[in-house]
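Below is one structure, written out as structure tokens; comments come after it.
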Amino acid sequence: MNKKEDFAKRIIIALDVGNRGEALSLINQLEGVEIFKVGLELFTAEGPSLLEKIKALGKKVFLDLKLHDIPNTVAEAVKVGVRHGVHMLTLHSSGGREMLEKAVASAAAEADKEGVEKPLLLAVTVLTSLKSDQLREIGMTDDTFSQVLRLAKLAKEAGVGGVVCSPQEIEIVKKETGRDLLVVAPGIRPLWAAAHDQKRIMTPSLAIKKGADYLVIGRPITEAPSPQEAFLKILSELADS
Ligand code: C5P
């Protein structure tokens, strides 16, 4: 595998669109992308049949529903995710140890039963949209870094395979939790792309250097005049860095 092919497998495209037509149009334009992220908006609009369609196109699904509920409910939802053949699935670390452990066990048991690949569970730590005054308002008095680390360590102890965190936290999470816990980073912006509403951004090359295993990229690619060209440009920049 050459360098570009390796990086192509590590770029996840965020399908932040409202319907199936727009999602499929992007997928069809993005040759070489392997993983597509379906979030709350698109999943609520189109449901599981879209996931089946994405898989039928030979692509992998990252189902980003950020599950957070009582342990039994999350474990059952994870089972359904396994049956839909999702490759990656998110849940909130703040749901607590029991919720995380039950989710991990239920993913493994259901994958075994169905004879399918076990999805990679990813824990969301602190939402990057929350600023410190808002965190205090909901009772989180620690600084954000400490809270992210606490929740990343908890996820690791519970057997979760990876975490989603902002580019600024990649290095510290890798350092403090070890290499095995995979790090998925959104908030990625090439130098030539607009920041949009993202506050703490990083270029693809720097995020990879800091230790990110996967990059989630939305608008710099999906809203580019040519999504395929934007994707290839990012791959070239990564390969040259
Ligand atoms: O368009 P953009 O590249 O900003 O998209 C980033 C994607 O990553 C979006 O789907 C967004 O919801 C998601 N995300 C994020 N920050 C987080 C967690 C997820 O931007 N902390």
Expected list for residues 104-116: side-chain donor-acceptor pairs under 3.5 angstrom, two or more places apart:
| unit_1 | atom_1 | unit_2 | atom_2 | d |
| --- | --- | --- | --- | --- |
| Ser106 | OG | Ala75 | O | 2.7 |
| Glu110 | OE2 | Arg83 | NE | 2.8 |

Which atom of [X] lies closest to which atom of [Y], heavy atoms considered:
{"X": "Phe231", "Y": "Ala8", "value": "CZ-CB, 3.9 Å"}
{"X": "Val86", "Y": "Pro119", "value": "O-CB, 3.3 Å"}
{"X": "Thr125", "Y": "Leu151", "value": "O-CD1, 3.6 Å"}
{"X": "Pro167", "Y": "Ile188", "value": "CG-CD1, 4.1 Å"}
{"X": "Ala152", "Y": "Leu181", "value": "O-CD2, 3.9 Å"}
{"X": "Cys165", "Y": "Val173", "value": "SG-CG2, 4.2 Å"}

Same cluster for [X] and [Y] if Ile/Leu/Val/Met/Phe/Trp/Tyr side chains link at under 4.5 Å?
{"X": "Met202", "Y": "Ile172", "answer": "no"}
{"X": "Ile201", "Y": "Leu238", "answer": "no"}
{"X": "Leu30", "Y": "Ile54", "answer": "yes"}
{"X": "Val80", "Y": "Leu121", "answer": "no"}

Given 3.5 Å as the limit, does a donor-acceptor pair link the side chain of [X] with the main chain of [Y], or not?
{"X": "Ser236", "Y": "Leu232", "result": "yes"}
{"X": "Gln198", "Y": "Ala195", "result": "no"}
{"X": "Lys55", "Y": "His84", "result": "yes"}

Spatial distance of atom [atom1] ([X]) from atom [atom2] ([Y]) [nearest 0.5 Å]:
{"X": "Leu42", "Y": "Phe36", "atom1": "CG", "atom2": "CZ", "value": "12.0 Å"}
{"X": "Phe7", "Y": "Ile234", "atom1": "CZ", "atom2": "CD1", "value": "12.5 Å"}
{"X": "Leu100", "Y": "Ser93", "atom1": "CG", "atom2": "OG", "value": "5.0 Å"}
{"X": "Lys175", "Y": "Ile170", "atom1": "NZ", "atom2": "CD1", "value": "15.0 Å"}
{"X": "His92", "Y": "Thr90", "atom1": "NE2", "atom2": "OG1", "value": "7.5 Å"}
{"X": "Glu46", "Y": "Glu52", "atom1": "CD", "atom2": "CD", "value": "13.5 Å"}

*Could you list the residues that satisfy side-chain hydrogen bond (donor to acceptor under 3.5 Å, both in side chains) with Lys156, not counting sequence neighbours?*
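Checked Lys156 against side-chain hydrogen bond (donor to acceptor under 3.5 Å, both in side chains); zero matches.
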
*Residues two or more places apart in sequence or in another chain: which of them pass side-chain hydrogen bond (donor to acceptor under 3.5 Å, both in side chains) with Lys118?*
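By the side-chain hydrogen bond (donor to acceptor under 3.5 Å, both in side chains) rule, Lys118 matches no residue at all.
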
Considering only heavy atoms from C-beta outward, does the side chain of [X] approach that of [Y] to under 4.5 Å?
{"X": "Phe62", "Y": "Leu120", "value": "no"}
{"X": "Ile11", "Y": "Val33", "value": "no"}
{"X": "Ile138", "Y": "Gln134", "value": "no"}
{"X": "Val124", "Y": "Leu127", "value": "yes"}
{"X": "Leu26", "Y": "Pro227", "value": "yes"}
{"X": "Leu15", "Y": "Ile27", "value": "yes"}
{"X": "Ile12", "Y": "Met88", "value": "yes"}

*With sequence neighbours left out, what residues match His87 under ring pair (Phe, Tyr, Trp, His ring centres under 6.0 Å)?*
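Partners of His87 under the ring pair (Phe, Tyr, Trp, His ring centres under 6.0 Å) test: none.
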
*Could you name each residue pair satisfying salt bridge (charged side-chain N to carboxylate O under 4.0 Å, His left out) that touches residues 14-24, not counting sequence neighbours?*
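Qualifying pairs: none.
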
*Not counting sequence neighbours, which residues clear salt bridge (Lys or Arg N to Asp or Glu O under 4.0 Å) with Glu117? List them please.*
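With neighbours one apart ignored, the set is empty.
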
*Who are the salt bridge (Lys or Arg N to Asp or Glu O under 4.0 Å) partners of Glu176, not counting sequence neighbours?*
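Scan of Glu176 (salt bridge (Lys or Arg N to Asp or Glu O under 4.0 Å), adjacent residues dropped) gives Lys153.
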
*Which residue pairs pass the side-chain hydrogen bond (donor to acceptor under 3.5 Å, both in side chains) test with at least one member in residues 218-235, sequence neighbours excluded?*
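Only Asp197-Arg219 qualify under side-chain hydrogen bond (donor to acceptor under 3.5 Å, both in side chains).
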
*Pair listing, side-chain hydrogen bond (donor to acceptor under 3.5 Å, both in side chains) test, anchored in residues 140-149, at least two apart*: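 Sorted pair list: Asp142-Arg150, Asp143-Ser146, Gln147-Arg150.
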
Indicate every side-chain donor-acceptor pair of residues 65-72 with a distance under 3.5 Å to a residue at least two apart or in another chain.
| unit_1 | atom_1 | unit_2 | atom_2 | d |
| --- | --- | --- | --- | --- |
| Lys66 | NZ | Asp64 | OD1 | 3.2 |
| Lys66 | NZ | Asp64 | OD2 | 3.0 |

*asked:* Within the 3.5 Å criterion, strictly below it, is a donor on Ser241 or Glu237 matched to an acceptor on the partner's side chain?
replied: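 Their side chains do not contain a donor-acceptor pair, so the 3.5 Å distance test is not met.
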
Enumerate, atom names and distances included, each donor-acceptor pair closer than 3.5 Å involving a side-chain atom of residues 204-213, sequence neighbours excluded.
| unit_1 | atom_1 | unit_2 | atom_2 | d |
| --- | --- | --- | --- | --- |
| Lys210 | NZ | Glu171 | OE1 | 3.3 |
| Asp213 | OD2 | Lys174 | NZ | 2.7 |
| Asp213 | OD2 | Val183 | N | 2.8 |

*Mind checking who shares a hydrophobic cluster with Leu191, ILVMFWY linked at side-chain heavy-atom distances under 4.5 Å?*
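ILVMFWY cluster around Leu191 holds nothing else.
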
